[in-house]
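Please read these numbers as outputs of a predicted model, since none were measured by experiment. The figures that follow rest on heavy atoms only: side chains count, while hydrogens, waters and symmetry mates do not.
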Amino acid sequence: MRIRSSVFACFCLILEVLGIALFLRGFFPVPIKSSFSSKSKLSDVPPEPFTGRSLNSSKVPDALFKRVVIVLIDALREDFVFGPNGRKYMPYIRHLVERGSTHSFVAKARPPTVTMPRIKALTTGSIPGFIDVVMNLNSPVLLEDNLIWQAKTAGKRMVFYGDDTWVKLFPKHFMEYDGTTSFFVSDYTEVDNNVTRHLDSTLKRDDWDILILHYLGLDHIGHISGPHSSLIQPKLMEMDDILKKIHGSLILKEAEGALPYLLVLCGDHGMSETGSHGGSSEHEVNTPLVLISPAFKKKVGMEKPSTVEQVDLTPTLALGLGLPISQNSVGRLIQPVVEEASLRDQLRFLHLNGHQLSYLLKDSMPAYEKEEGYEQFRVAEKSHGNWVKLVVEGNTSEVLTNIGKKVFKQYLEALRAMSAALSKQLGKYDMYSMVMSLVCPVLVLYLHAYVNTPLSLASEVDLPVSSALLSLPFYLLCLLLSSVHVLVCTSAESSCYFCSLSWGLVFGAVALSSALLCILRITSYVCRKYFRERRANIGSFEDEAYLLPSNEGDALASPLADLGVTDAGSEKWLALATPPLTLACCRLLRSLNQTGVQWAHLPDLGHWLNSLEHKMVLSLFAALSLALIYFLVQRRCSWVSKIALALGLLGVYSYRAAVGNVVFPWHHGGGNMSKGTVEARFVYIFVLGILFTGSKDLLRSQVITADARLKSRGLWEIYSGVVLLVALLFRAHNLPVLCCCLLVQTLMAQFIWKKLHYDAAQTTIMHYWFGQAFFYFQGNSNSIATVDISVGFVGLESYVEAPAFFLTALSTYAGPLLWAAHLVCYLSSEKRSSVAVGHGCYCLALLRSVPAAAYVVLVTALRYHLFIWSVFSPKLLYESMHTLLTAAICLFFTTMEQSRSSSRP
């Protein structure tokens, strides 16, 4: 069956979209929502358990605190307070923790450790998903039942100063507020001063019940220079002074006989060893939680803080303020907070928390009655009713107290089990749907590997559809896949989205997968025939050289000519040395940045270079890298662009010197360092100039004259402009990554892709692999904690959303982007048709959407084919060894980095 290649491409695209949609449906679990009511009300509060005919009161126990002040310090790590440096960083708070009326805990934040999801967790008690990371950029109004809404409904007067995410989530909830932007990370002074400026006047007033302060300066310092920066201690001491002022004011305003106050110190998330956050490392999820109130007993010494969940603060504050618990909260009461209340009130608090969790459990699990926590809660509730009956009857024996303590322990166990079950349910992924979603990309990849037809409008693809549908393996595969589907769906403990589809859709997917597999089996012969013909053509032309359409000589070989490498013998030795040299570069870059949850805390070359005592070494590395970048890039540019590139790279070094990363040889310190805004804008001017020059040449080649040389120069100049911009955005210790990227591109282009006559598809695969490898060499991983958002403000004096987002994305994906741009430039520079260039670009887009597991299977098959061809054709042994070794290098480092950073919870 012959179909047009455009139809074939659309079919493959549809399969890709369906696979991605199914994967996302399985990856993002459906959030647990209670169907009891949209929001909790006091009228929904269950009555106190009572065994007998008369119903007891459904009244919530009285509030424990009159005023609550919440000081949330963004990115506050628990070791900043409880660690060895706690006395130095926050001496007053550390004194209260050791000797004051406090309760101290290590509050664990669930990933993603990003501000907006953490605020949702603190106010709703639920565990947000990774989809909330996207929402963090533009926080929508929070309609879910939450503590802030409950407080407003109960008439609590609330004041807020700090991160404007709160204002976006809770509009019209605060009596008074002043929001500050959280994205301009270059500012760590004014962003906190804008909060503190309101403090004196607010503390003198008595017209508020809840005061919330969200400080961002510490988080911004972490993004700029990490948790070990010299700026950390002054900022934490500033926060300590503010807490001392607040605590002193609350003590002065405390009235005899009135309810006590509660001062809460907490963090929304921690900070990784690189200063970022978003992942699940210990330093990112462990935050301090210090509760200060005269209602608590005074400490007699430093005690090791116990561990609680961050969401446990939500029901604790709700019950402490006399409010209903949010319906979707999975947190449990922090028991030490209510230990000074009467035993009856403590049991009532635990019963209210258990009742809310039991209803949420009913809505999230079909077999909720079999859950251990639910059964324990019912037993505790029944025992509680018997105990209340005895209390009402006037029994005051010691046995009654012991029974009450036993009920208390039963409630605690029930709450722990139900909270753990709900948290586990939120973290469950639909693995069956995710596995099935991988079938589509794998099939499409193999389809392109075997059906090697240029994707032009005039070409056609020959697919043996009828032969596949009439073959016996097709029906056997349909039967096998249907049996697997039935087996999985009938034995799955949790609901699977793929299992909920109608049998018609499922059978259609099974039939399609079986047909594609049979088509691939039949067309494998065509693929082998294609490679045999190609090898024969290579043998007849192996003495020919591909020349670029340029009168200036081979642009790719010019660096070698500059070094005096012009004879064939030298080129042969360089060709043999290219794979080991590439391997050495990759191994060196691997040591530069540790990535992955389990390895990010380990020392690496980047940390060593960024230390103050090695600043001169870092300066030397940065200067040499920038010089080599110019040497590798300038040869393809016009003389105007060469001058602009040289001045731009000088500006890059000047910017890094201005922000204090590197030093000039003549700089002796003592001067005031700027934020590098002028230097960065200086580089931006040259970037725009180079891009304009390249775009002008490219347009001239397309509109005015069909000059292939002009087109090639225009593309390379645009590529050079992108390289200059990336050099500006990269941190100083990452400049060798960019340098090695350009060096590997030059060597591979000269001695692998060109000499071994790689076609567009093979060259594209190699570019994709290297792009993925350099993505990890930059220090990136699949954790959002490795995203460096500080680069979004290079050259900016205030937060502007569009350029900040563009610069952050460009810096994060610089590796894949540079290799994709190099692919376009390389294919356009060679004597290839526009169809081949389009085919290569299409293949790159396809490869970007296919998971790494598919490449392992593909490369295994390719290695098998190359081995067979080498045995039957000894002349191909040299080429096969080059191909295998180079592919092994790419595959090894790519899959190794992906596996090392794949431990995302």
Side-chain angles (χ1 to χ4, degrees), residues 45-66 100-105 257-260 262 291 293-301 303-309 312-313 315-325 331-358 372-420:
V45 174
E48 187 177 27
F50 186 81
T51 303
R53 294 183 178 178
S54 60
L55 294 176
N56 204 2
S57 170
S58 61
K59 181 179 178 295
V60 176
D62 293 332
L64 300 177
F65 310 106
K66 179 182 179 181
S101 301
T102 62
H103 286 302
S104 303
F105 308 93
L259 289 176
L262 175 65
L291 306 177
S293 176
F296 306 148
K297 290 181 180 180
K298 282 195 174 184
K299 297 291 185 297
V300 295
E303 301 174 359
K304 183 179 180 180
S306 56
T307 301
V308 298
E309 293 290 333
D312 294 343
L313 184 62
T316 303
L317 289 179
L319 295 174
L321 290 168
L323 303 173
I325 302 174
R332 52 195 172 111
L333 176 67
I334 301 176
Q335 182 270 329
V337 176
V338 299
E339 63 183 4
E340 297 302 316
S342 65
L343 182 58
R344 184 172 182 178
D345 283 347
Q346 291 186 53
L347 293 178
R348 179 64 170 143
F349 286 137
L350 294 175
H351 173 253
L352 291 173
N353 195 185
H355 181 269
Q356 175 263 324
L357 289 176
S358 65
E372 179 185 2
Y374 186 83
E375 295 177 356
Q376 290 177 341
F377 174 72
R378 287 307 174 199
V379 172
E381 190 178 38
K382 185 176 180 180
S383 301
H384 187 189
N386 294 331
W387 184 86
V388 172
K389 180 181 180 182
L390 294 175
V391 171
V392 172
E393 290 175 354
N395 194 326
T396 58
S397 64
E398 186 178 350
V399 177
L400 183 64
T401 303
N402 293 332
I403 294 175
K405 291 180 179 179
K406 182 180 179 181
V407 175
F408 185 85
K409 292 181 180 179
Q410 289 176 337
Y411 268 133
L412 289 180
E413 287 297 318
L415 292 179
R416 181 195 59 78
M418 287 192 292
S419 178

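The environment of Glu393 atom CD is dense: over 12 non-hydrogen atoms of other residues, nucleotides or ligands sit within 6.0 angstrom.
Nearest heavy atoms, Ala414 versus Gly373: CB-O, 3.7 Å. In terms of heavy-atom proximity, Val407 sits nearest to Ser383 at CG2-CB, 3.7 Å. Pro294 approaches Ser101 most closely through the heavy-atom pair CA-CB, 4.4 Å. When all heavy atoms of Leu352 and Pro46 are compared, the pair lying nearest together is CD2-CD, 3.9 Å.
Put simply, the side chain of Asp312 gets close to the backbone of Arg332: a donor and an acceptor are under 3.5 Å apart. Distance alone, capped at 3.5 Å, is enough to place a donor-acceptor pair between the Ser342 side chain and the Asp345 backbone.
Note that CD of Glu339 and CZ of Phe408 are 8.5 Å apart. Values are rounded to the nearest 0.5 Å. Within the model, atoms CG of Leu319 and CD1 of Ile325 stand 4.0 Å from one another, a figure rounded to the nearest 0.5 Å. To the nearest 0.5 Å, atoms OG1 (Thr316) and CG (Leu291) are separated by 8.0 Å. In this structure, Asn402 CG and Glu398 CD are separated by 5.5 Å, a value rounded to the nearest 0.5 Å. In this structure, the separation between CH2 on Trp387 and CG on Leu400 is 6.0 Å, given to the nearest 0.5 Å.
Counting only heavy atoms from C-beta outward, the side chains of Asn353 and Phe377 never approach each other to under 4.5 Å. With contacts defined as side-chain heavy-atom distances shorter than 4.5 Å, the pair Ser419/Glu309 does not qualify. Counting heavy atoms from C-beta outward, Leu317 and Leu262 have side chains that approach closer than 4.5 Å. Annotation: side chain of Lys406 is in contact with side chain of Gln410 (closest heavy-atom distance under 4.5 Å).
Ser306 is linked by a side chain to side chain contact (heavy atoms under 4.5 Å, CB included) to Phe105, counting only residues two or more places apart in sequence or in another chain. Checked against side chain to side chain contact (heavy atoms under 4.5 Å, CB included), Thr401 has the following partners two or more places apart in sequence or in another chain: Lys405. When the side chain to side chain donor-acceptor pair (under 3.5 Å) test is applied to Glu413, the partners found at least two apart in sequence or on another chain are Arg416. Every residue meeting the side chain to side chain contact (heavy atoms under 4.5 Å, CB included) condition with Lys299, not counting sequence neighbours, appears here in chain and number order: Thr102, His103, Glu303. By the side chain to side chain contact (heavy atoms under 4.5 Å, CB included) test, Val338 pairs with Leu64, Leu333, Gln346, Phe349, sequence neighbours left out. For Glu372, the side chain to side chain donor-acceptor pair (under 3.5 Å) partners at least two apart in sequence or on another chain are Gln376. The ring-ring contact (aromatic ring centres under 6.0 Å, His included) check on Tyr374 picks up Tyr368, with sequence neighbours excluded.
In this structure, His351 and His384 have perpendicular ring planes: the angle between them is above 60°, well past the 30° mark.
Ion pairing between Glu375 and Arg378 fails under the 4.0 Å rule for side-chain N and carboxylate O.
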